[in-house]
Participant: 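Just passing along the structure, written as structure tokens.
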There are 2 protein chains.
Amino acid sequence: MPKRKHQPAPRDTSLSRERIVEAAIQLLDEGGERALTFRALAEHLETGAGAIYWHVANKHDLLTAASDVVVAQALDAGTSARSPAKRLRALAIHMFDAMDAHPWMGSALAQAPGAIPMARLFDRIGAQVRGLAMTPNQEWPVTSALVHYILGVGGQNAANSKMARERGLERSHALTTVADAWQELDSHAFPVATSMARQLKTHDDREDFMAGVDLLIAGVVASADRTAG
Amino acid sequence: MPKRKHQPAPRDTSLSRERIVEAAIQLLDEGGERALTFRALAEHLETGAGAIYWHVANKHDLLTAASDVVVAQALDAGTSARSPAKRLRALAIHMFDAMDAHPWMGSALAQAPGAIPMARLFDRIGAQVRGLAMTPNQEWPVTSALVHYILGVGGQNAANSKMARERGLERSHALTTVADAWQELDSHAFPVATSMARQLKTHDDREDFMAGVDLLIAGVVASADRTAG
DNA sequence: ACCTGAACACCGTTCAAGT
DNA sequence: ACCTGAACACCGTTCAAGT
């Protein structure tokens, strides 16, 4: 009867908030939002479900912490561009890619309005917006519009990934399915949607995302010119 | 004369998809997303939980149907404005108000990417975008940007309402709490967020939303001018 | 065709009890 | 201080059985 049966196998590291968040991200990335449960997390970390609550307040807290790790990582990259507009574009595309790689993040951010990851995003976007020529009282609405746009696209993008995963399809194939459904809508009730279904099939999410960012930037520049001129 | 069945406790109407969706909207509006459960719904409709599944595929289907009722209502109003840009503004503000009045809709729409309510929204927005002077291949990205922006703001707005509700606060008071938290962040790590906290407290969600819509429209007009000129 | 409601397979969270 | 794991109070969904 080996006595080590009663001794816990030596852990790589003891339980910590950092390890929990890391494991949560892994579960979320691998299996989507449904895969993150305290039971699965406990099994993954070889501990009890209740132990996690010593380091993390609740599931909402955990999702916010996981988002913050990903957001911080995304926003730290690509700030070396030479103009505010270019840095803005770089930040935006990094956020897009991060939300694409971690589709759970869209809804996580949508559920944590004032939390740290949102403050981080506002801060980084806001810093570049200040660099664009504009009156000070435009800074807030412009920053706000950019952040909301980024989150809006990210959320829909995440939804598409999730839908694809649930139906066990490639993402592009899932979009084709949607496009086919739109094409078969009543063309009297949905004249534009039916005719736009083709673009839905062939479009590039990433390009369209950047087109929107550029539209917002162009709008800011146009408004600034009008104010200045 | 039609035979009348003698029923001791006659219902107003028998169970139907329409009545279920209507009751779901009521529960959602009154108690938030948490309040919509099949058990609560069954009790409200004086039936069994399983009966609902005869008319509705699952909870996701129910949320989508509920969203569609609200979206259809919002988009039917205010199409009488005299220019495409004005009609676009009218549609946007109606969507904002609808998402504000029904805070559960933001996340419901985010979970139903290709579904009917999304097709409806794309169709109505797209129809006005076509009226703006632009090249045909810009129609899709512009429509897409507007829709995503609307959903992004709606989602965050809903999150604010939800947060306020959960903490049992007035919505403006909840935002003040967030603003205070941002103000107390490390001003070295969050230089812009800390200094923008004041605007967070005093801003008007609705005005900021429209400022973003105008920014996008201005961007479209500026791009069109450049292409044309 | 439509409804019932118990049962199934889960959840997040708590907490007395351990080390 | 930190962890255990059973227990609690729920969920969405299914399905044999009813009308």
Side-chain angles (χ1 to χ4, degrees), chain A residues 3-21 23-24 27-28 30-67 104 107-108 111-112 162-163 166-167, chain B residues 3-24 27-28 31-67 104 107-108 111-112 162-163 166-167:
Chain A
K3 62 187 173 187
R4 65 180 98 79
K5 171 155 196 195
H6 292 285
Q7 285 179 334
R11 284 217 197 89
D12 311 28
T13 334
S14 70
L15 202 58
S16 69
R17 184 174 230 262
E18 201 175 28
R19 273 193 73 218
I20 292 170
V21 171
L27 286 175
L28 287 164
E30 284 169 4
E33 296 172 58
R34 282 179 33 204
L36 180 63
T37 69
F38 278 80
R39 282 165 180 82
L41 203 50
E43 196 182 356
H44 194 92
L45 294 163
E46 291 175 43
T47 182
I52 296 164
Y53 282 88
W54 184 262
H55 303 274
V56 147
N58 50 43
K59 192 171 185 178
H60 181 257
D61 179 31
L62 180 55
L63 278 165
T64 303
S67 298
W104 45 271
S107 72
Q111 278 159 35
K162 196 179 156 192
M163 180 183 61
E166 274 166 7
R167 302 188 188 171
Chain B
K3 178 167 71 176
R4 275 189 199 152
K5 281 197 174 168
H6 175 259
Q7 287 184 318
R11 284 220 198 86
D12 309 25
T13 334
S14 70
L15 201 57
S16 69
R17 183 174 232 263
E18 203 175 27
R19 273 194 72 219
I20 291 169
V21 170
E22 187 190 335
L27 286 176
L28 286 163
E33 297 172 57
R34 282 179 33 203
L36 179 64
T37 70
F38 280 80
R39 282 166 181 82
L41 204 49
E43 195 182 356
H44 194 93
L45 293 163
E46 291 173 44
T47 179
I52 297 164
Y53 282 88
W54 185 262
H55 303 273
V56 145
N58 49 43
K59 192 171 184 178
H60 181 257
D61 179 32
L62 179 55
L63 278 165
T64 303
S67 300
W104 46 270
S107 72
Q111 277 158 39
K162 197 179 155 191
M163 180 182 61
E166 274 166 8
R167 303 187 189 172

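In what follows, chains carry the letters A, B, and so on, assigned in the order in which the sequence lines appear, proteins first and then strands, with residues in each chain numbered from 1.
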Participant: In whole angstrom, what separates B/L41's CG from D/dC11's C1'?
Facilitator: 14 Å
Participant: Out of curiosity, B/L63 CG to B/H60 NE2, how far, rounded to the nearest 0.5 Å?
Facilitator: 7.5 Å
Participant: With nearest nucleotides of DNA chain C determined for B/H55 and A/R34 from heavy-atom distances, which residue corresponds to the more 5′ nucleotide?
Facilitator: B/H55
Participant: Starting at atom CZ of A/R39, determine the distance to atom P of C/dC10, rounded to an integer number of angstrom.
Facilitator: 10 Å
Participant: Just wondering, do B/L36 and B/K59 contact through their side chains at under 4.5 Å, heavy atoms?
Facilitator: yes
Participant: What parts of residues 57-67 of chain A reach DNA chain D, counting only heavy atoms under 4.0 Å away?
Facilitator: none
Participant: Mind checking if A/L36 touches a base, just sugar-phosphate, or nothing, with heavy atoms under 4.0 Å?
Facilitator: sugar-phosphate
Participant: Rounded to whole Å, how long is the line connecting atom CD of B/E46 with atom P of C/dC2?
Facilitator: 20 Å
Participant: Can you tell me the distance, in whole Å, between the CD1 atom of A/I20 and the C1' atom of D/dC2?
Facilitator: 11 Å
Participant: Over how many whole Å does the gap from B/Y53 atom OH to C/dA6 atom P extend?
Facilitator: 17 Å
Participant: Under 3.5 Å for both donor-acceptor distances, Watson-Crick or wobble: does D/dG18 have a partner, and if so which one?
Facilitator: C/dC2
Participant: Rounded to whole angstrom units, what separation is found between the CD1 atom of A/I52 and the P atom of C/dT14?
Facilitator: 13 Å
Participant: Does A/W54 have a side-chain nitrogen or oxygen under 4.0 Å from the phosphate oxygens OP1 or OP2 of D/dC2?
Facilitator: yes
Participant: Going by heavy atoms in the side chains, are B/H55 and B/R19 under 4.5 Å from each other?
Facilitator: no
Participant: To the nearest 0.5 Å, what is the distance between CD1 (A/I52) and NE2 (A/H44)?
Facilitator: 10.5 Å
Participant: Please state how far atom CD in A/E43 lies from atom P in C/dG12, giving the value in whole angstrom units.
Facilitator: 14 Å
Participant: Determine which nucleotide pairs with C/dA9, using a 3.5 Å limit on both distances of a Watson-Crick or G-U wobble pair.
Facilitator: none
Participant: Take the protein atom CZ of B/F38 and the nucleotide atom P of D/dT13, then report the distance between them rounded to whole Å.
Facilitator: 5 Å
